[in-house]
J.: 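I'd like to ask some things about the structure below.
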Amino acid sequence: MKIGFIGLGNMGAPMASNLAAAGHEVTGFDIANTPPEGVAKANTVQEAATDKDVVITMLPNGAILQAVASDIIPAMKQGATLLDCSTVDVESARAVASSAHASGLSAVDAPVSGGIGGAAGGTLTFMAGGTDEGFAAVSPLFDIMGQKAVHCGPSGNGQAAKICNNMILGVTMVGTCEAFALADKLGLDRQKMFDVVSTSSGYSWSMNAYCPAPGVGPQSPADNDYTPGFAAELMLKDLRLSQQAAEASDADTPMGARATELYAQFVEEEEGAGKDFSAMLPRFVSRRRK
Ligand code: NAD
């Protein structure tokens with residue numbers, strides 16, 4: 001396939017590289033970064049989109065996605081597919097899809113989980129929204145960049161799945177960290193706590209696969225002084241998207257709202273920026289009950 005790739009940052013560059021290594025003809029554009037090896041350089045965003053079968057975007061947020069989409073949609077050839085893999089708000093994803101459809105294009109929103117390691121290793125999970133035809137058109141690319149793709153329904157549903165998943169993740173990480181902090185105060189050894197909870201009804205991915213306590217459970221960012229991993233500010237971004245969606249759809253999400261407040265405080269007032277999101281554990285340990 002002829003592929004345009006817009007947004008060659010931490011995630012986009014290795015994803016574009018994997019597509020090129022698999023034999024696709026990939027042309028990339030980024031306002032700041034040069035393309036990785038094997039990816040041709042476009043001088044403008046329109047050039048990256050012209051005459052391509054699929055144009056992939058991997059951008060910071062919905063406003064930037066909407067601006068880029070309005071530049072590239074008129075340049076794309078009829079029947080081509082616009083595949084957005086960024087994490088953005090559901091409304092932006094749906095707005096971009098409807099302008100793509102109005103111009104005779106297919107559109108798929110497919111945010112990812114798996115992080116920079118998954119992008120480099122080609123092991124991402126894609127959560128996709130769009131038509132059956134759109135999903136089928138880009139499935140071979142999901143197979144190269146990832147290990148799993150779930151078609152979640154019409155446009156915007158990929159983003160919906162992503163923010164619901166990450167809202168659960170933020171809430172369970174906060175719950176796991178505060179429980180460890182309580183266990184410390186009660187004189188319960190962290191390893192014993194892990195041994196019980198990881199095989200009891202309190203288990204979760206946060207406890208079992210990504211334990212926030214150093215030296216306990218499988219290797220995780222806690223064992224590397226909370227170097228991300230998944231940075232607290234990225235968790236805050238996703239939690240804010242969940243609250244924006246909850247507001248727009250009139251959904252009651254009190255735990256998501258509280259997790260958002262805690263991560264906002266941690267990132268913006270307590271030097272949590274640049275730390276892994278599991279660094280909530282030392283944060284709780286250093287505080288007293290209010
Ligand atoms: P990044 O900031 O490293 O990359 C974004 C890139 O977009 C940058 O290189 C920037 O120069 C480029 N860009 C910005 N505006 C542009 C424009 N108008 N035209 C062309 N390029 C433009 O971010 P990232 O970590 O690669 O994340 C990308 C997306 O993936 C985000 O939506 C993020 O939420 C999501 N995501 C990231 C991770 C992660 O672990 N980093 C995990 C899952 C999802």
Side-chain angles (χ1 to χ4, degrees), residues 4-18 26-36 39 41-49 52 55-73 75 82-93 96 109-129 142 145-149 158-167 169-170 173 210 220-221 226-242 244-245 263 267 273-278:
F5 206 116
I6 299 165
L8 301 165
N10 291 319
M11 298 289 291
M15 290 164 73
S17 207
N18 285 339
V26 187
T27 305
F29 177 80
D30 191 292
I31 48 167
N33 293 325
T34 49
V39 176
K41 182 177 180 338
N43 292 313
T44 63
V45 75
Q46 287 87 356
E47 190 187 321
K52 303 297 185 300
V55 178
I56 303 176
T57 46
M58 194 54 172
L59 296 163
N61 60 47
I64 294 174
L65 169 67
Q66 294 216 43
V68 167
S70 66
D71 284 343
I72 61 174
I73 285 172
L82 175 53
L83 170 59
D84 177 47
C85 296
S86 330
T87 303
V88 303
D89 56 291
V90 176
E91 286 173 45
S92 291
V96 165
D109 55 289
V112 302
S113 96
I116 299 167
T123 57
L124 295 168
T125 295
F126 290 87
M127 298 144 246
F142 291 149
M145 297 185 286
Q147 60 182 359
K148 188 173 179 186
Q159 299 296 346
K162 166 88 187 177
I163 57 176
C164 288
N165 180 73
N166 280 20
M167 188 173 80
L169 178 60
M173 182 54 83
Y210 206 90
S220 70
Y226 297 100
T227 304
F230 185 43
E233 57 270 32
L234 288 178
M235 174 48 82
L236 176 59
K237 172 190 169 180
D238 292 356
L239 283 167
R240 282 188 165 142
L241 289 175
S242 77
Q244 192 179 334
Y263 276 103
V267 168
K275 292 191 183 141
D276 189 74
F277 83 118
S278 60

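As the structure is a prediction and not an experimental result, all values here were calculated from the model. Heavy atoms only: backbone and side chains are in, while hydrogens, waters and symmetry mates are out. All ligand and atom numbering here is 1-based and tracks the order in the structure.
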J.: Counting both backbone and side chain atoms, is some N or O of S86 under 3.5 Å from an N or O of ligand 1?
T.: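 Min N/O separation from ligand 1 is not below 3.5 Å for S86.
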J.: Would you mind running through ligand 1 and noting each atom that sits below 4.0 Å from a heavy atom of I6?
T.: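 It comes down to these atoms of ligand 1: 20 (C).
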J.: Can you tell if the side chain of K148 reaches within under 4.5 Å of the side chain of F142, non-hydrogen atoms only?
T.: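 No, too far: nothing below the 4.5 Å cut-off.
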J.: Using a 4.0 Å heavy-atom cut-off, which part of L234 comes near ligand 1: side chain, backbone, both, or neither?
T.: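 Side chain only.
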J.: Starting from atom 26 (O) of ligand 1, which protein heavy atom do you reach first, and at what distance in Å?
T.: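 For atom 26 (O) of ligand 1, the nearest protein heavy atom is M11 N, 2.8 Å.
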J.: Would the distance check show the side chain of S242 and the main-chain N or O of L239 forming a donor-acceptor pair, the cut-off being under 3.5 Å?
T.: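 It does hold such a pair.
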J.: Set out, in order, the CA-CA distance, both residues' side-chain angles and the distance that settles side chain to side chain donor-acceptor pair (under 3.5 Å) for Q147 and T123, then state yes or no.
T.: CA-CA 5 Å; Q147 60 182 359; T123 57; 5.3 Å; no
J.: If you have a sec, work out which protein heavy atom is nearest atom 40 (O) of ligand 1 and how many Å separate them, to one decimal?
T.: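 Sorting protein heavy atoms by distance from atom 40 (O) of ligand 1 puts G115 CA, 3.6 Å first.
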J.: Any sub-3.5 Å donor-acceptor pair from N33's side-chain atoms to L8's backbone N or O?
T.: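 Yes.
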J.: Would a distance-only check, ignoring hydrogens and angles, find a side-chain to backbone donor-acceptor pair under 3.5 Å from D109 to Q159?
T.: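 Yes: the side chain of D109 pairs with the backbone of Q159.
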J.: Taking 4.0 Å as the limit for heavy-atom contacts, which would you say applies to E233 with ligand 1: side chain only, backbone only, both, or neither?
T.: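 Contact part for E233 vs ligand 1: neither.
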J.: Calculate, to the nearest 0.5 Å, the distance between atoms CG and CD1 belonging to L59 and I31 respectively.
T.: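 Reported value, rounded in 0.5 Å steps: 8.5 Å.
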J.: How far is atom 34 (O) of ligand 1 from its nearest protein heavy atom, and which residue and atom is that?
T.: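 For this ligand atom, the closest protein heavy atom is K237 NZ, 2.8 Å.
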J.: For the atom pair CZ (R240) and NZ (K237), what is the distance rounded to the nearest 0.5 Å?
T.: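 Output value for this atom pair is 12.0 Å.
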J.: Identify, for atom 18 (N) of ligand 1, the protein heavy atom at the shortest distance, and state residue, atom and that distance.
T.: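 Scanning the protein heavy atoms, the shortest distance from atom 18 (N) of ligand 1 goes to V68 CG2, 3.5 Å.
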J.: Anything under 30° is parallel, anything over 60° is perpendicular, the rest tilted; go ahead and classify Y210 against F277.
T.: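 If you compare the ring of Y210 with that of F277, the planes turn out tilted.
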J.: Hey, does the side chain of D89 reach the backbone of A245 with a donor-acceptor pair shorter than 3.5 angstrom?
T.: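 No, because the side chain of D89 does not come within donor-acceptor range (under 3.5 Å) of the backbone of A245.
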J.: Of all the non-hydrogen atoms in the protein, which one sits nearest to atom 44 (C) of ligand 1, and at what distance?
T.: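 Nearest protein contact, heavy atoms only, for atom 44 (C) of ligand 1 is T87 OG1, 3.6 Å.
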J.: Taking N166 for its side chain and L169 for its backbone only, find out whether a donor-acceptor pair lies under 3.5 Å.
T.: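 Judged by distance alone, no pair lies under 3.5 Å.
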J.: Return the closest protein heavy atom for atom 2 (O) of ligand 1 as residue, atom name and distance.
T.: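 Going atom by atom, the protein heavy atom closest to atom 2 (O) of ligand 1 ends up being P60 CG, 4.7 Å.
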J.: Polar-atom distance check: G229 versus ligand 1, any N or O pair below 3.5 Å?
T.: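 Such a contact does not occur with ligand 1.
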J.: Do any N or O atoms from the side chain of K41 and from the backbone of F29 form a donor-acceptor pair under 3.5 angstrom?
T.: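 A pair under 3.5 Å: no.
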J.: Can you establish whether the number of heavy atoms outside E233 located under 6.0 Å from its atom CD is more than 12?
T.: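 Atom CD in E233 is crowded, with more than 12 foreign heavy atoms closer than 6.0 Å.
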J.: Is the shortest distance from atom 32 (O) of ligand 1 to a protein heavy atom below 4.0 Å?
T.: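 Yes, there is one.
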J.: Just let me know how V88 lines up against ligand 1, side chain, backbone, both or neither, with a heavy-atom cut-off below 4.0 Å.
T.: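 Answer for V88: neither.
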J.: Does any N or O atom in L59 lie less than 3.5 angstrom from one in ligand 1, N or O only?
T.: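 Yes: some nitrogen or oxygen of L59 is under 3.5 Å from one in ligand 1.
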J.: Once you restrict to heavy atoms under 4.0 Å, what part of N33 touches ligand 1? Side chain, backbone, both or neither.
T.: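 It is the side chain that gets close, since no backbone atom is under 4.0 Å.
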J.: Please report whether ligand 1 has a polar contact with N61, defined as an N or O pair separated by less than 3.5 Å (distance criterion only).
T.: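 No; the residue has no nitrogen or oxygen that sits under 3.5 Å from a nitrogen or oxygen of the ligand.
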J.: When you measure from atom 9 (O) of ligand 1 to every protein heavy atom, which one gives the shortest distance, and what is it?
T.: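 Ranking protein heavy atoms by distance from atom 9 (O) of ligand 1, first comes D30 OD2, 2.6 Å.
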J.: Distance to 0.1 Å, residue and atom name: give those for the protein heavy atom nearest to atom 3 (O) of ligand 1.
T.: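 Looking only at protein heavy atoms, the one closest to atom 3 (O) of ligand 1 is N10 N, 2.9 Å.
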J.: If the cut-off is 4.0 Å to any non-hydrogen atom of A32, which atoms of ligand 1 fall inside it?
T.: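 Listed by number with element, the hits are 11 (O).
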